[in-house]
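Please read all numbers here as calculations on a predicted model, not as lab measurements. Along the sequence shown, the residues carry numbers beginning at 1.
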Amino acid sequence: MNCLHLPFLKSLASNYRVVLASGSPRRKELLDRLGMSYEVIPSDFAEDLDKSQFATAADYVLENATIKAHEVYRKIKSQTQKPLLVIGADTVVVNAAGAILEKPESAHDATSTLRNLSGKINTVYTGVCLIVGNSNESQNPVVEKAVESTEVQFGELDDSIIEAYVATGEPMDKAGSYAYQSLACFFVQEIRGDYYNV
């Protein structure tokens, strides 16, 4: 894997305890590509927010990311000597009808989702929350948030392709039931936006 070697990232890791509040292999891969030194402490947040309470998918995904980051920050802030940098993130896919698609609950759910995405544009939203602070209770941590969106145009998929893909098991832990960085790259005709967001 090629890594970017940026001096400020080495400095960041030497001055901060950098924690990724996620067990996602994709998020780890992105940090590894930056050559960053970090540790993984996944959030225990159940991700059970009521989607109907949010005006947009961007608001929803940002709230999930924020809760994850805060949950891990509160859990470990008293256990560290260095200042903390906690990274929380969440990703969802929104179909052409505007429905938020998360990880499928079953193979049947994944098949249905992919049929729905076939031949249409879906939008991938990733929310990121960074919390910088230390164990000093008198100081509030600094919180920065951002959302990225990327449009993904799917080609037409027939049932045999969808069923074969679902049988690999790959869609089962992916928002929207697909992973562009792997087999699902063959489903995509065009990406408008940041490749690394998909």
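- Of the inter-residue distances, the one linking D90 atom CG with L49 atom CG reads 9.0 Å to the nearest 0.5 angstrom.
- In this structure, G176 and T113 approach most closely via the heavy-atom pair O-CG2, 3.4 Å.
- Looking at K145 and V143, their side chains come closer than 4.5 Å, going by heavy atoms from C-beta outward.
- Considering only heavy atoms from C-beta on, K28 comes within 4.5 Å of L20 through its side chain.
- Side-chain contact between I87 and V18 is present, with heavy atoms from C-beta onward closer than 4.5 Å.
- Residues F45 and V128 fall into different hydrophobic clusters, defined by Ile, Leu, Val, Met, Phe, Trp and Tyr side chains chained together at heavy-atom separations under 4.5 Å.
- With rounding to the nearest 0.5 Å, the separation of SG in C129 from CD in E144 is 9.0 Å.
- For the atom pair L114 CG and D159 CG, the distance stands at 10.5 Å (nearest 0.5 Å).
- When hydrophobic clusters are built by joining Ile, Leu, Val, Met, Phe, Trp and Tyr residues whose side-chain heavy atoms come closer than 4.5 Å, directly or via intermediates, Y196 is not grouped with Y125.
- Under the 4.5 Å side-chain criterion, counting only non-hydrogen atoms from C-beta, I161 is in contact with D158.
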S182 and E170: CA distance, side-chain angles, deciding distance, side-chain hydrogen bond (donor to acceptor under 3.5 Å, both in side chains) verdict: CA-CA 9 Å; S182 192; E170 184 176 279; 2.6 Å; yes

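- Other residues, nucleotides and ligands place no more than 12 heavy atoms under 6.0 Å from the OH atom of Y16.
- Taking hydrophobic clusters as Ile, Leu, Val, Met, Phe, Trp and Tyr residues chained together by side-chain heavy-atom distances below 4.5 Å, V152 shares a cluster with L30.
- The shortest non-hydrogen separation linking A55 to D59 is CB-OD2, 3.8 Å.
- V142 is not listed as a side-chain neighbour of I131, based on a closest heavy-atom distance of 4.5 Å or more.
- Minimum heavy-atom separation, A89 to A65: CA-CB, 3.7 Å.
- Checking D32 against Y38 by side-chain atom types alone, a donor-acceptor pair falls below 3.5 Å.
- Side-chain contact between Q81 and R17 is absent, with no heavy-atom pair separated by less than 4.5 Å.
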side-chain contact (heavy atoms from CB on, under 4.5 Å) between Q153 and V188: does it pass, once the steps are laid out? CA-CA 6 Å; Q153 172 69 60; V188 175; 5.9 Å; no

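- Connection of V124 to L183 is established within a shared hydrophobic cluster, with ILVMFWY side chains joined at heavy-atom distances below 4.5 Å, either directly or through further cluster members.
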Which atom pairs, one a donor and one an acceptor, fall under 3.5 Å between side chains of residues 92-107 and the rest of the protein, sequence neighbours left out?
{"residue": "N95", "atom": "OD1", "partner": "A97", "partner atom": "N", "Å": "3.0"}
{"residue": "N95", "atom": "OD1", "partner": "G98", "partner atom": "N", "Å": "3.0"}
{"residue": "N95", "atom": "OD1", "partner": "A99", "partner atom": "N", "Å": "2.9"}
{"residue": "N95", "atom": "ND2", "partner": "N116", "partner atom": "OD1", "Å": "3.0"}
{"residue": "E102", "atom": "OE1", "partner": "Y60", "partner atom": "OH", "Å": "3.2"}
{"residue": "E102", "atom": "OE2", "partner": "K51", "partner atom": "NZ", "Å": "2.8"}
{"residue": "E102", "atom": "OE2", "partner": "Y60", "partner atom": "OH", "Å": "2.7"}
{"residue": "S106", "atom": "OG", "partner": "H108", "partner atom": "N", "Å": "3.4"}
{"residue": "S106", "atom": "OG", "partner": "D109", "partner atom": "N", "Å": "3.1"}

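- L130 and I67 fall into different hydrophobic clusters, defined by Ile, Leu, Val, Met, Phe, Trp and Tyr side-chain heavy atoms under 4.5 Å apart, directly or through other members.
- Counting only residues at least two apart or in different chains, ring pair (Phe, Tyr, Trp, His ring centres under 6.0 Å) contacts with residues 144-175 comprise F154-Y178, Y165-F187.
- A donor-acceptor contact under 3.5 angstrom links the side chains of T126 and T91, judged on distance only.
- Annotation: side chain of E151 is not in contact with side chain of I191 (no heavy-atom distance under 4.5 Å).
- Using a 3.5 Å distance cut-off with no hydrogens or angles, the side chains of T150 and D194 do not pair a donor with an acceptor.
- E63 has its side chain within reach of F54: a pair of non-hydrogen atoms, C-beta onward, lies under 4.5 Å apart.
- Closest of all the heavy-atom pairs between P141 and G133 is CB-CA, 4.2 Å.
- With rounding to the nearest 0.5 Å, the separation of CD in E29 from CD in Q181 is 7.0 Å.
- When atom types are taken as modelled, the side chain of K82 and the backbone of S14 share a donor-acceptor pair closer than 3.5 angstrom.
- To the nearest 0.5 Å, the span separating CG on L31 from CZ on R26 amounts to 11.0 Å.
- Looking at E190 and R192, a side-chain N of the basic residue comes within less than 4.0 Å of a carboxylate O on the acidic one, giving a salt bridge.
- Atoms CG and OH, from N134 and Y73 in turn, are 6.0 Å apart once rounded to the nearest 0.5 Å.
- The two atoms that bring A179 and A184 nearest to each other are O-CB, 3.3 Å, heavy atoms only.
- Nearest heavy atoms, A21 versus A69: CB-CA, 4.4 Å.
- Residues satisfying the salt bridge (Lys or Arg N to Asp or Glu O under 4.0 Å) test with E71, not counting sequence neighbours, are K75.
- Salt-bridge check for K120 with E156: failed, with every basic side-chain N at 4.0 Å or more from each acidic carboxylate O.
- Side-chain atoms of Y180 do not come within 3.5 Å of backbone N or O of N197 as any donor-acceptor pair.
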